[in-house]
Amino acid sequence: MKYEFQKIEKKWREKWAKANTFATNQKPEVSKAYVLEMFPYPSGNMHMGHVRNFTIGDVLARYLKMKGYCVLHPFGWDAFGLPAENAAIKSGVHPAAWTRDNIRMFRESAQRLGWSYDWNRELSTAHPGYYKWTQWIFLKMFEKGLAYRKNAAVNWCPQCGTVLANEQVIDGGCWRCQSPVTIRQLEQWFLKITAYAEELLRDMETLTGWPERVKIMQKNWIGKSEGVELDFEIIKLHERVSVFTTRPDTIFGVTYLVFSPDHPWVDLMVKGTQYEEKIEEFRARRPSTRENMKEGMFIGEYARNLFNNECIPIWVADYVVAEYGTGVVMGVPAHDQRDFEFALAHNLPIRVVITPREELLQPECMTRAFLDEGVMVNSGDFTNIPSLEGKERVADYAEEKGIGRRKVNYRLRDWLISRQRYWGCPIPILYCPHCGIVPVPEEDLPVLLPEKVQITGEGNPLEKVPEFIHASCPKCGASARRETDTLDTFVDSSWYFLRYATGNRDDMILSPEDMKYWLPVDCYIGGIEHAILHLLYSRFFTKFLADIGLVHIREPFQNLLTQGMVTLGGAVMSKSRGNVVEPGETMEKYGADSLRLFVLFAAPPEKDLEWSHRGIEGLHRFLHRLWRLVIDHRNLFFAPLPPESEEAYSIRKYLHKTIQGVTVDIRDRMHLNTAISKMMELVNFLTEKESELTVRVGIHQAYREALDTLIRLLTPFAPFISEELWEMTGHTGFVSEAPFPVVDARFLKEEMVTYVVQINGKVRDQFGVEAGLDEERVKEIALSLEKIQKWTRGKTIDRVLVIPDKMVSIVVR
RNA sequence: GCCGGGAUGGCGGAACAGGUAGACGCGAGGGACUUAAAAUCCCUUUCCCGAAAGGGAGUGCCGGUUCGAUUCCGGCUCCCGGCACCA
């Protein structure tokens, strides 16, 4: 009987669908498991990265189901986004149709791969029934002051024709198309993620199931910095301006003040002076992208240092970021490397105010800024105070005198969510000439995205849809204009994992009962590229939804698995590189089970996986060998078997060692590659034992049980062949619903152990004895071994160490 | 520059708690079956010396701790990733 994988896989695919095998069960008395893989953007065909991602999750979901958990394992589509619109520009297909077709193709592949999703819960972010609630959340945030509009310098991608969030600028380029990002001054919608900066940082400590590197990336991104704001007086304006510094101990070393060129006071200070024109020139000269520059100019104005009443020149420079701190920095060339370089370039004085204990620093001799701790000098009443203590003393003094205050700053900026694109969720806002910004009333949701649009690639298509733009103000009835920007698609995906738990219901966004039961997500699996973007946004949304009482959790993802990429020739598979291996073709040739096994076996989940055509053949061969092994011994399942003899013990032992290993690999380590290798070893072992079956009838029962168990162990990994073999061996029902094998600890006990004997750290011999033998006896045996005697003859034995049941270590001279 | 992570046979990788390094798979070599090939099965496969028995070296490099180090500590080299004027 041949292993006809195509036929088998089709058969079980249909049976599962018909029986609704993977529909979600929600029983309060049973433990739950929520397994989730990051939902895909449906951009054409499924690629190997998807295959890997969803197969890893599927093994876990199937394993937990067999373990008796109520499992939530849903699937959906991150369906809004730019590629759909670009396709429309290129080929004239409507984004909705393009997306629908892609989803259909993707879903077909997904079902071919045998992923155990509950398709009843399938959702799409582009469906009005979903984005209605995305808009609803936006309105709630607006209500709480967390969604707001402001004019700011924003990142602009000329290629995509839209603005981008900070998180979406990678190496100065667009995260999607890599084009260099330029800066534009625009009025846009933002979400106040910074209101949660401290909590997002603090709660990271509770994320014990997250990879350390993801947490570090988020921590760096949030970028907490504790320091002091110190005031300076601007002479002519008679106004005080604050600077943020983490080094208040260097306040006496300030030799100039620097404003960001975008600081609003700069214009006030230069108004009517010779510098007014020069500033304009300076701003115009600035590069349009964020580059490392050290340009600056004096603006003819001075400020007073309130600590020593000294007057210092005011400069503007492009190394000061307008959006961070106060947009003004005190220049301390002696103790800050950037200030040092700036001072050298523009001939500004360098004054040492912190010096190492053993020597006195001379500014002329410095080749770089002195950043270490030391003792304060030239610092008025603070002279001779150690710099570390000085930090606190200066801060205390500033607070006492009302010329400064302790301050915490974050690198994290508010999330820019406006997008000047069509294929996204409309922002539910109206602009009324009388009432200003007016939210769309809840009962008018969803604000539907119009279907009839002209997509040309020139500007936002929504601006050319009069019936969309024209609306009346819900407050005063006047003719109002509708917001034409759509939401960043990362907004759509920041709460989908909550929606899955409640299903696609119309009457409410999330049901408290479902939230309580299913959340948090027990295991979330996806690519490392979302370490900041999606994972940070989702944490933010969860915290907000908790604050308005919709969920009881403040962190959505208990455990996180960041899986590596699939490469060919060392590079990520991509159409432009032409190194794509199509999952469809691969399944045609080897079947879904072989493909699943290969992507699981070739590397541990978190590492990159190099595709290998030969490699998948190896896994395909494994399935053939397994098939033959079970089919050849089918008769064991259909005949009464003789009583078991002592000889069966070794089979049971090997079997239970395998169950133990596979279980630990899935449950505790997610080392799915080694789990598979352990099943391969069991197949090899049983193949070796085959010849004994004819002469030793006493092992028949154990052998049958080994085959039966093997099929169940393999089910989460290769479900199709497992179902078929399960049926062929006379079982009824789905093996997908059968209990996962359980270890019998009696068979794990070793009664014979092998001792390795080392002499001076080198292995010289070994011997077998019963386990737990007392040490003295073990020593005796070890020393009496012929090979050991050869090595110890004529030498002095210094010591003999016994590691119970493992090793004897002898030290000789 | 700062912060992470990594380096193990020809290749992907294993060694979970400091205890026989190289499981499992791929590739390669040899053999069986076959008219022949494919498929399948069996044997060998870290390197060096040796006919073998056996011996020596070996987990990026240098050193340390230890009876014993791929594993722990210190110092380097190279690779990969994140952040990058954040005051």
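Just so it is clear: chains get the letters A, B, ... in the order the sequence lines come, proteins before strands, and each one is counted from 1.
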**Message:** For B:rG27, give the paired nucleotide (Watson-Crick: N1-N3 plus N6-O4 or O6-N4; G-U: N1-O2 and O6-N3; both under 3.5 Å), or none.
**Reply:** B:rU45
**Message:** The criterion is side-chain hydrogen bond (donor to acceptor under 3.5 Å, both in side chains); which residues satisfy it with A:His633, sequence neighbours excluded?
**Reply:** A:Glu690
**Request:** For A:Arg368, check side-chain hydrogen bond (donor to acceptor under 3.5 Å, both in side chains) against everything at least two apart and list the hits.
**Result:** none
**Asked** For A:Arg669, what residues pass the side-chain hydrogen bond (donor to acceptor under 3.5 Å, both in side chains) criterion, not counting sequence neighbours?
**Response** A:Asp665, A:His671
**Prompt:** What pairs of residues pass the side-chain hydrogen bond (donor to acceptor under 3.5 Å, both in side chains) test when at least one of them lies in residues 798-813 of chain A, not counting sequence neighbours?
**Reply:** A:Asp798-A:Arg813
**Request:** Report yes or no: does A:Asn409 contribute a side-chain atom to a donor-acceptor pair with the main-chain N or O of A:Phe244 at less than 3.5 Å?
**Result:** no
**Asked** Tell me, which pairs form a salt bridge (Lys or Arg N to Asp or Glu O under 4.0 Å) where one or both residues lie in residues 240-262 of chain A, sequence neighbours left out?
**Response** A:Arg247-A:Asp249, A:Asp262-A:Arg286
**Asked** Is there a Watson-Crick or G-U wobble partner for B:rC2 with both distances under 3.5 Å, and if so, which one is it?
**Response** B:rG82
**Message:** If I pick the C1' atom on B:rC33 and the same atom on B:rC43, what distance separates them, to the nearest angstrom?
**Reply:** 15 Å
**Fill in**
Assign each of A:Arg247 and A:Ile170 the nucleotide of RNA chain B bearing its closest heavy atom; nearer the 5' end lies the nucleotide of A:Ile170
**5' precedence on RNA chain B between A:Ile676 and A:Asp336 (nearest-nucleotide basis)** = A:Ile676
**Message:** Return the pairing partner of B:rA87 with a 3.5 Å limit on both distances, Watson-Crick or G-U wobble; otherwise return none.
**Reply:** none
**Item:** With sequence neighbours excluded, residues passing side-chain contact (heavy atoms from CB on, under 4.5 Å) with A:Glu205
**Value:** none
**Asked** If you measure from the P atom in B:rG56 to the same atom in B:rG19, how many Å do you get, rounded?
**Response** 23 Å
**Message:** If I pick the C1' atom on B:rG13 and the same atom on B:rA84, what distance separates them, to the nearest angstrom?
**Reply:** 35 Å
**Prompt:** For B:rU35, which nucleotide is its Watson-Crick or G-U wobble mate, given both distances must be under 3.5 Å?
**Reply:** none
**Prompt:** Are side-chain heavy atoms of A:Phe370 and A:Val352 found at a separation under 4.5 Å?
**Reply:** no
**Item:** Under 4.0 Å protein heavy-atom contacts per nucleotide of nucleotides 8-18 of chain B, with B for base, S for backbone only and - for none
**Value:** ----BSSSB--
**Request:** Could you pull out all residues at least two apart from A:Asp765 that satisfy side-chain hydrogen bond (donor to acceptor under 3.5 Å, both in side chains)?
**Result:** none
**Request:** Ignoring backbone atoms, establish whether A:Arg411 has a side-chain N or O less than 4.0 Å from OP1 or OP2 of B:rA84.
**Result:** yes
**Request:** Output every pair passing side-chain hydrogen bond (donor to acceptor under 3.5 Å, both in side chains) with a member in residues 590-606 of chain A, not counting sequence neighbours, ordered by first then second residue.
**Result:** A:Asp58-A:Arg596, A:Tyr590-A:Glu617, A:Ser594-A:His620
**Asked** Which part of the nucleic acid does A:Arg628 contact within heavy-atom distance under 4.0 Å: base, sugar-phosphate only, or nothing?
**Response** nothing
**Asked** For nucleotides 56-68 of chain B, read 5' to 3', which letter fits each nucleotide if B means a protein heavy atom sits under 4.0 Å from the base, S means only the sugar-phosphate is that close, and - means neither?
**Response** SS---------BS
**Message:** Please tell me if A:Tyr324 has a side-chain N or O lying less than 4.0 Å from either OP1 or OP2 of B:rA87.
**Reply:** yes
**Message:** Counting only heavy atoms and a strict 4.0 angstrom limit, can you tell me which residues of residues 614-623 of chain A come near RNA chain B?
**Reply:** A:Arg614, A:Gly618, A:Arg621
Would you give me the side-chain donor-acceptor pairs under 3.5 Å for residues 525-536 of chain A, sequence neighbours excluded?
{"from": "A:His534", "atom 1": "ND1", "to": "A:Ser538", "atom 2": "OG", "distance (Å)": "3.3"}
{"from": "A:His534", "atom 1": "NE2", "to": "A:Tyr524", "atom 2": "OH", "distance (Å)": "2.7"}

**Item:** Distance below 4.0 Å between A:Asn684 side-chain N/O and B:rA23 OP1 or OP2
**Value:** no
